[in-house]
Amino acid sequence: MPRLPLLPGVALISLALLPACSTPPASPPRPLLIQPCPAVTACALPALAPKTNAQLADSWQQHRAALEACAAQINSIIHCQQNTP
């Protein structure tokens with residue numbers, strides 16, 4: 001079987017293409033970002049001075065809404081602390 005003569009130009013081109021097949025160097029690891037839980041703020045209850053039964057009922061609703069908002073804040077912080085490694 002006859003062999004074809006090897007030309008120097010073809011050999012150099014094939015050798016020049018070999019580095020393109022290698023894997024790129026590994027990139028440095030990205031830093032891990034840990035987000036802390038939100039800061040705790042004091043719960044404020046409204047100062048009320050009802051004088052009638054209607055005002056008493058309204059003040060009770062406002063007081064209850066303020067307590068529910070405070071409880072929601074506390075629950076969100078507890079949930080964050082339990083899920084933070």
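Note: hydrogens, waters and symmetry copies are ignored here, and every other heavy atom, side chains too, is used.
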For this session: Tell me, please, which residues at least two apart from Pro38 pass side chain to side chain contact (heavy atoms under 4.5 Å, CB included).
Result: Ile77, Cys80

Under 3.5 Å, which donor-acceptor pairs link side chains of residues 54-61 to any protein atom two or more places apart or in another chain?
from, atom 1, to, atom 2, distance (Å)
Gln55, OE1, Lys51, N, 2.6
Gln55, OE1, Thr52, N, 3.4
Ser59, OG, Gln55, O, 3.2
Ser59, OG, Leu56, O, 2.8

Problem set entry | Atom CG of Asn53: over 12 foreign heavy atoms under 6.0 Å | no

For this session: Answer whether the closest heavy-atom distance between the side chains of Ile78 and Gln82 falls below 4.5 Å.
Result: yes

Seminar exercise, completed: dist Gln62:CD -> Leu48:CG (nearest 0.5 Å) comes out at 5.5 Å

For this session: Using modelled atom types only, decide if a donor and an acceptor are shared between the side chain of Gln81 and the backbone of Cys37 within a distance under 3.5 Å.
Result: no

Exercise. For Ala44 and Ala66, which heavy atoms make the closest approach, and how far apart are they?
Worked result: O-CB, 4.0 Å

